[in-house]
Amino acid sequence: MEDNFHNSSGLPPFTLTGLPGLETSQQWMLLLGTLYAVSSGNALILFIIKEEQSLHQPMYYFLSPINDLGMSFSTLPTVLATFCFHLREISFDSCMAHMFFIHLFSFTEAGILLAMSFDRYVAICNPLRYATVFTDAQVMHVGMSVIICSFCMVFPLPFLLKMLLFCKANVLSHAYCLHPDLIHLPCGVITINNIFGLFIVISTFGLDSALILLSYVLILCSVLAIASQEEQLKTLNTCVSHICAVLIFYVPMVGVSMAACYGSHAPKYVHIPMSLIYLFVPPMLNPVIYSNKTKEIRRRLHKILLGTKF
């Protein structure tokens with residue numbers, strides 16, 4: 001019986017989950033294509049922002065897809081190993097590191113979206129102060145603050161999990177490691193982990209989404225005060241890319257969270273596609289949104305791909 005129990009000294013491995021019924025198929029080629037599109041699109045946008053002098057502005061610093069690339073490549077090893085090479089076992093420490101980076105980039109993305117909403121608020125509601133509020137130094141401070149806060153939130157999670165006792169088959173619901181998934185596996189009391197997990201979710205995603213909503217309420221009030229309907233539409237159009245980025249980030253995340261909380265009896269082919277959408281759809285669509293709604297990026301992208309000016 002004792003051989004079935006593992007704690008921090010035992011460090012049990014975990015088993016990742018692929019798509020049921022597709023273990024021997026070649027569907028993973030589509031996954032490889034998706035990963036290639038994600039990395040190529042974000043790398044191209046990053047190159048454009050770096051090379052184009054007119055894009056060296058606070059708004060475009062926030063648009064930089066470094067975080068999307070980090071999220072994609074932090075999940076790349078286990079997802080490819082699970083779907084392409086059928087290597088589903090992952091060591092405890094590797095799973096903890098994997099979980100750490102996924103949540104770090106996820107919290108960082110939420111902080112960046114909040115900073116972008118404040119950028120839009122100042123640009124629309126108080127445009128005369130925009131140049132003094134969003135200096136390069138201030139943008140650097142905001143970026144570092146987001147990274148440090150995200151790191152401090154995620155850092156305790158692996159150590160709290162190491163303190164728990166594992167005595168069951170450690171089979172995860174996804175092809176990667178997430179704290180809400182891992183927390184259901186231990187046999188001991190998980191009250192501290194649950195409370196801390198709830199705290200960081202409320203203080204990051206909950207607070208950030210509430211502040212983003214508040215910023216857009218204030219923006220909408222300011223826009224409605226504009227007499228010309230054409231100017232109203234023109235002003236709101238500057239927010240479209242950010243609103244789309246917020247929706248494609250939060251909607252899949254809420255879907256995965258709801259499935260984890262209330263869909264425990266749902267079949268695996270429901271959970272796993274939703275988890276892949278949560279991981280790969282936002283990084284894949286962000287370059288499309290930014291290049292389509294941002295004239296400077298679209299013009300440079302058109303010139304790179306087609307060799308002509310747009």
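Qualifying side-chain contact (heavy atoms from CB on, under 4.5 Å) partners for Ile226, counting only residues two or more places apart in sequence or in other chains: Glu231, Gln232, Thr235. For Phe105, there are no ring-ring contact (aromatic ring centres under 6.0 Å, His included) partners, not counting sequence neighbours. With sequence neighbours excluded, the residues forming a side-chain contact (heavy atoms from CB on, under 4.5 Å) with Asn194 are Ile183, Ile190, listed by chain and number. Residues forming a side-chain contact (heavy atoms from CB on, under 4.5 Å) with Ser94 (at least two apart in sequence, or on another chain): Ile90, Ser91. Glu89 is linked by a side-chain contact (heavy atoms from CB on, under 4.5 Å) to Pro13, counting only residues two or more places apart in sequence or in another chain. Contacts of His98 classified as side-chain hydrogen bond (donor to acceptor under 3.5 Å, both in side chains), with partners at least two apart in sequence or in another chain: Thr78.
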Please test Ser117 against Val246 for side-chain contact (heavy atoms from CB on, under 4.5 Å), starting from the C-alpha separation and ending with a verdict. CA-CA 9 Å; Ser117 71; Val246 170; over 6 Å; no
Are Asp119 and Tyr130 close enough, and set up right, to give a side chain to side chain donor-acceptor pair (under 3.5 Å), and what steps lead you there? CA-CA 8 Å; Asp119 171 274; Tyr130 183 83; 2.5 Å; yes
As a quick check of understanding, evaluate side-chain contact (heavy atoms from CB on, under 4.5 Å) for Lys162 and Asp93, giving each step before the final call. CA-CA 9 Å; Lys162 274 194 172 187; Asp93 289 334; 3.4 Å; yes
Any chance you could lay out the side-chain contact (heavy atoms from CB on, under 4.5 Å) test for Gln138 and Val133, step after step, and finish with the verdict? CA-CA 7 Å; Gln138 290 285 49; Val133 171; 5.9 Å; no
Starting from the C-alpha separation in whole Å, work towards a yes-or-no answer on side-chain contact (heavy atoms from CB on, under 4.5 Å) for Ile124 and Leu236. CA-CA 9 Å; Ile124 293 173; Leu236 287 175; over 6 Å; no
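Formation of a donor-acceptor pair under 3.5 Å by the Thr135 side chain with backbone atoms of Thr132 is not found in this model. The main-chain N or O of Ile212 is found under 3.5 Å from a side-chain atom of Ser215 such that the two form a donor-acceptor pair.
The salt bridge (charged side-chain N to carboxylate O under 4.0 Å, His left out) contacts involving residues 98-115 comprise nothing, where partners must be two or more places apart or lie in separate chains. Applying the ring-ring contact (aromatic ring centres under 6.0 Å, His included) test to pairs two or more places apart or on separate chains, those with a residue in residues 218-255 are Tyr216-His242.
The CZ atom of Phe14 sits 6.0 Å away from atom CG of Leu185, with the distance rounded to the nearest 0.5 Å. Note that the NE2 atom of His179 and the CD1 atom of Ile102 stand 13.0 Å from one another [nearest 0.5 Å]. To the nearest 0.5 Å, the span separating SG on Cys239 from OH on Tyr121 amounts to 13.0 Å. We find the CG-SG distance between Leu172 and Cys95 to be 5.5 Å, quoted to the nearest 0.5 Å. In this structure, SG on Cys177 lies 9.5 Å from CZ on Phe92, to the nearest 0.5 angstrom. Rounding to the nearest 0.5 Å gives a distance of 11.0 Å between CE of Met96 and CG of Leu160.
Residue Met140 belongs to a hydrophobic cluster whose other members are Met144, with links defined by side-chain heavy atoms closer than 4.5 Å. Counting Ile, Leu, Val, Met, Phe, Trp and Tyr side chains that sit under 4.5 Å apart, directly or through other members, Ile202 shares a hydrophobic cluster with Leu198. Cluster note: Leu224 groups with Leu220 through ILVMFWY side-chain heavy atoms spaced under 4.5 Å, whether in direct contact or through intervening members.
Placement of Leu178 and Phe159 within a single hydrophobic cluster is found when ILVMFWY residues are connected by side-chain heavy-atom separations under 4.5 Å, directly or transitively. Note on Ile192: it clusters hydrophobically with Leu161, by side-chain heavy-atom contacts below 4.5 Å among ILVMFWY residues. Placement of Phe107 and Phe199 within a single hydrophobic cluster is found when ILVMFWY residues are connected by side-chain heavy-atom separations under 4.5 Å, directly or transitively.
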Listing, residues 145-156 side-chain donor-acceptor contacts under 3.5 Å, not counting sequence neighbours, or none:
residue: Ser145; atom: OG; partner: His141; partner atom: O; Å: 2.7
residue: Ser150; atom: OG; partner: Thr108; partner atom: N; Å: 3.4
residue: Ser150; atom: OG; partner: Thr108; partner atom: OG1; Å: 3.4
residue: Ser150; atom: OG; partner: Val146; partner atom: O; Å: 2.8

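Between His184 and Pro180, the shortest heavy-atom contact is CD2-O, 2.9 Å.
Counting heavy atoms from C-beta on, the side chains of Met99 and Pro158 come closer than 4.5 Å. Contact check for Leu182 versus Leu157: no side-chain heavy atoms found under the 4.5 Å cut-off.
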